[in-house]
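Letters A, B, ... mirror the listed sequences (proteins, then strands); counts begin at 1.
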Amino acid sequence: MTRVRISDDAVAVACGADEVSSAFAAAGASVERVSSWGMHWLEPLVEIDGIGFGPVSAADVGAILAGSCDKRIGLIAEHSFIARQQRLTFARAGKTRPLSLDDYAATGGWAGLTRARSLAPQALIDEVTGSGLRGRGGAGFPAGIKWQTVANAAGARKYVVCNADEGDSGTFADRMLMEGDPFQLIEGMAIAAHAVGADRGYIYVRSEYPHAIAKLTAAIKLAAPRIAPFGIEVRVGAGAYVCGEETSMLNSIEGKRGEVRAKPPLPALEGLFGCPTVVNNVLTFAAIPHILIEGGAALYDSHGVARSKGTMPIQLAGNIKHGGLYETAFGITLNELVHDIGGGTASGRPVKAVQVGGPLGAYIHPDRFDIPFDYEAYTVADALIGHGGIVVFDDTADMGHMARFAMQFCAAESCGKCTPCRIGSVRGVELIDRIRGQGSAAPDAVSRLPQMHNAAKQAPTREANLQLLEDLCETMKGASLCALGGFTPYPVLSALKHWPEDFS
Amino acid sequence: MIRDAQLEAIFAAFRGTEGPLLPILHEVQHAFGCVDAEAERSIAHELNLSRAEVHGVVSFYHDFTPASDLRPCIELCRAEACQARGVEALVPATEEAAGTRVKLKTVYCLGLCSVGPAARVGERVYARLDSAALIKLVHSV
Ligand SMILES: Cc1cc2nc3c(=O)[nH]c(=O)nc-3n(C[C@H](O)[C@H](O)[C@H](O)COP(=O)(O)O)c2cc1C
Ligand code: SF4
Ligand code: FES
């Protein structure tokens, strides 16, 4: 009987993988549902004896089984999109059944945890620090140093919390990992628990990810005996982007409004329910089992450049021909990612801009596609690596509209705690509308009140409005409590700087 | 009465849970299609909170609504990556097809950003939507 492998990742399912699977089953094939290889433009991707076919629809099933299908792409593992990657975190992608403990153990699963538990916590933390691993959630803080702080903190009760809120547009690596290799995340969290002395963990998953929630819940049940006495519970978010910010997330788990907390105190010292807490991103924890195998830390450190060590699961999204998951060592350029690997735009039109790092990341002009993928190099360029999402836009994109959208998103998602973000973002939308000639130019009702004697008597000029927008952005950057208000100016100012013609 | 029994069953399931408010709110929203003033009062009583505290949490999150809406709901992603793949051009015709019968809700990112425009109906996800596919989806819910 022909054995057919088809992914059950949400991308594959959204593209019709369930219907294709049913058609194969009806044709008498044995179907195995595995994780996704990450070549999303080929989903639903069908694998038979290592050979891939994609994108497949139910109508292609007969031809594939008869050996006459023209959607054959050859050996998947040798496909140029896959062969050029350095997959450590996503080493199992496309190869294992997500909820099979046998598949997990057969591919090196639990080796990291077994070795970690044979080490003293301090030796374990030293290895994580030595690997150079930095947090993959956005801020890039060294993981080992965070763990050390929690380990040193006094407290009868400590927590390990996984941030799986992945709210950035253009990112899906957390989702793919939770759906495709949930045991690896669980193993990473169990290692962290041993390192810092925690016995309880939470995974905070956004409610937009029902497939991930279901897989994780099932995986935790299956893995419970393996990770005991450590226990993990899934907590589901409720549609607030700001709950990806770690202190807001902790408030949310505690059952409060997802308002950002002032730091200090650091969550490492006073986190969940006031206890010392490790908060890391899904990809940070998922990198841990690999680092903890014999020699793993040194191998991890040998990848990458300068202070950006190891590999980054980069997500190619938006208007790109070959979208999907591309894990590679740091140092790669946008030219390589967008053109060589991504194949340019899906629409076939010229690339106008890319946004790296989600809604808070700058829009980068093709002139600067040579900057290396590296935390520090991006900071110097006023840009953000963030969670590694790359969204490509073609020349039909209206960057003035995208700048307005950035402000509008900030207004919709602001937690409301501080004024520059809560009010500034609303004013930002109005200002951009006025600059683009879509808002009202005349002084509004409030400005015309007699007591508003300092208000301008006639409509401000375009130059004055542009100046005001820049001032507003400076205020938001400098005076916001967290990066939602503090980084929204980056997409706005970068759009204004590189595409001023889109603001008239 | 049935409602009280349902609420009590939800509360009972979370006694002993740390930070039970969010999971309770999800269950209530799921069971009744909303978290209304009456539910807020019961939850406040159960958790020994003030109603203002519960209302503060309910009103903070997009997932909880004060009144139920029984219409079928399509959640359409209109975040950056789906915009780059042309979702905005689909909106006017989709709104027209939806009319008042179908609720069209804007969401920001479903994690399907490489194969957008993307949408979700309950637990089902849809990708590579063009105008025809989206309107067909509207008529099918
Ligand atoms: C507005 C905002 C949203 C964020 N969203 C996320 C998110 O979705 N996932 C995440 O891991 N980190 C997010 N972060 C970063 C977290 O605050 C925190 O730095 C991270 O979870 C720490 O884990 P790491 O060190 O492993 O990266 C966000 C930060 C801000 C300010
Ligand atoms: S910057 Fe915005 S989201 Fe962040 S704390 Fe202030 S109001 Fe809240
Ligand atoms: S931006 Fe639409 S699914 Fe991510």
The interface call for A:Asp168 against chain B, heavy-atom contacts under 4.5 Å, is backbone
One option among A:Glu254, A:Lys352, A:Gln315, A:Lys256 has the most heavy-atom pairs under 4.5 Å with chain B, and it is A:Lys256
- Message: Any heavy-atom pair between the side chains of B:Tyr61 and A:Ser252 that's under 4.5 Å?
- Response: yes
Greatest number of non-hydrogen atom pairs under 4.5 angstrom with chain B, of A:Gly237, A:Gly258, A:Ala240, A:Gly170, falls to A:Gly258
Note: vs chain B, highest number of non-hydrogen pairs under 4.5 angstrom among A:Glu166, A:Glu259, A:Glu43 is A:Glu43
* Asked: Do NZ/NE/NH1/NH2 and the carboxylate oxygens of B:Glu18 and A:Arg235 come within less than 4.0 Å?
  -> no
Given B:Leu21, B:Leu22, B:Thr17, the one with more heavy-atom pairs under 4.5 angstrom with chain A than any other is B:Leu22
Filtered by a 4.5 Å non-hydrogen cutoff, the part of residues 116-125 of chain B contacting chain A is B:Arg120, B:Glu123, B:Arg124, B:Val125
In short, salt bridge (charged side-chain N to carboxylate O under 4.0 Å, His left out) pairs touching residues 100-110 of chain B with sequence neighbours left out are B:Glu75-B:Lys105
Checking heavy-atom separations under 4.5 Å from chain A, one finds in residues 80-90 of chain B B:Glu80, B:Ala81, B:Gln83, B:Ala84, B:Arg85
Turns out that what part of A:Gln355 lies under 4.5 Å from chain B's heavy atoms comes down to side chain
Cut-off 4.5 Å, heavy atoms of chain B, and the answer for A:Val242 is side chain
In terms of heavy-atom contacts, A:Gly167 and B:Cys109 come closest through O-CB, 4.1 Å
When the 4.5 angstrom heavy-atom criterion is applied to B:Val107 and chain A, the contacting part is neither
When the 4.5 angstrom heavy-atom criterion is applied to A:Tyr241 and chain B, the contacting part is neither
Considering only heavy atoms from C-beta outward, does the side chain of B:Val115 approach that of A:Cys15 to under 4.5 Å? yes
So do the side chains of A:Cys415 and B:Phe60 get within less than 4.5 Å of each other, counting heavy atoms only?
yes
Nearest heavy-atom approach of A:Arg257 to B:Ser59 is NH1-OG, 3.9 Å
**Message:** Is the shortest side-chain heavy-atom distance between A:Phe409 and B:Tyr108 below 4.5 Å?
**Reply:** yes
Note: vs chain B, highest number of non-hydrogen pairs under 4.5 angstrom among A:Ser169, A:Gly16, A:Ala238 is A:Ala238
>> What I'd like to find out is whether the side chain of B:Cys77 reaches to under 4.5 Å of the side chain of A:Glu208, using heavy atoms alone.
In response: no
What one should report as the nearest heavy-atom pair of A:His40 and B:Ser114 is ND1-OG, 2.6 Å
To the nearest 0.5 Å, atom CZ of A:Phe172 lies from atom CG of B:Leu110 at 13.0 Å
Closest non-hydrogen contact found for A:Pro44 with B:Arg128 is CD-NH1, 4.5 Å
Under 4.5 Å to a heavy atom of chain B? For A:Ala10 that would be both
So, the part of A:Ser207 with a heavy atom under 4.5 Å from chain B: the answer is both
If one checks every heavy atom of A:Glu179 against chain B at 4.5 Å, the contacting part turns out to be neither
So, the part of A:Glu233 with a heavy atom under 4.5 Å from chain B: the answer is side chain
Worksheet item: Hey, are the side chains of B:Arg78 and A:Phe405 touching, using non-hydrogen atoms and a 4.5 Å cut-off?
Response: no
Okay, A:His322 and chain B: the region with an atom under 4.5 Å from a heavy atom over there is neither
Filtered by a 4.5 Å non-hydrogen cutoff, the part of residues 32-55 of chain B contacting chain A is none
>> Using a 3.5 Å distance criterion without hydrogens, assess whether the side chain of B:His26 forms a donor-acceptor pair with backbone atoms of A:Val236.
In response: yes
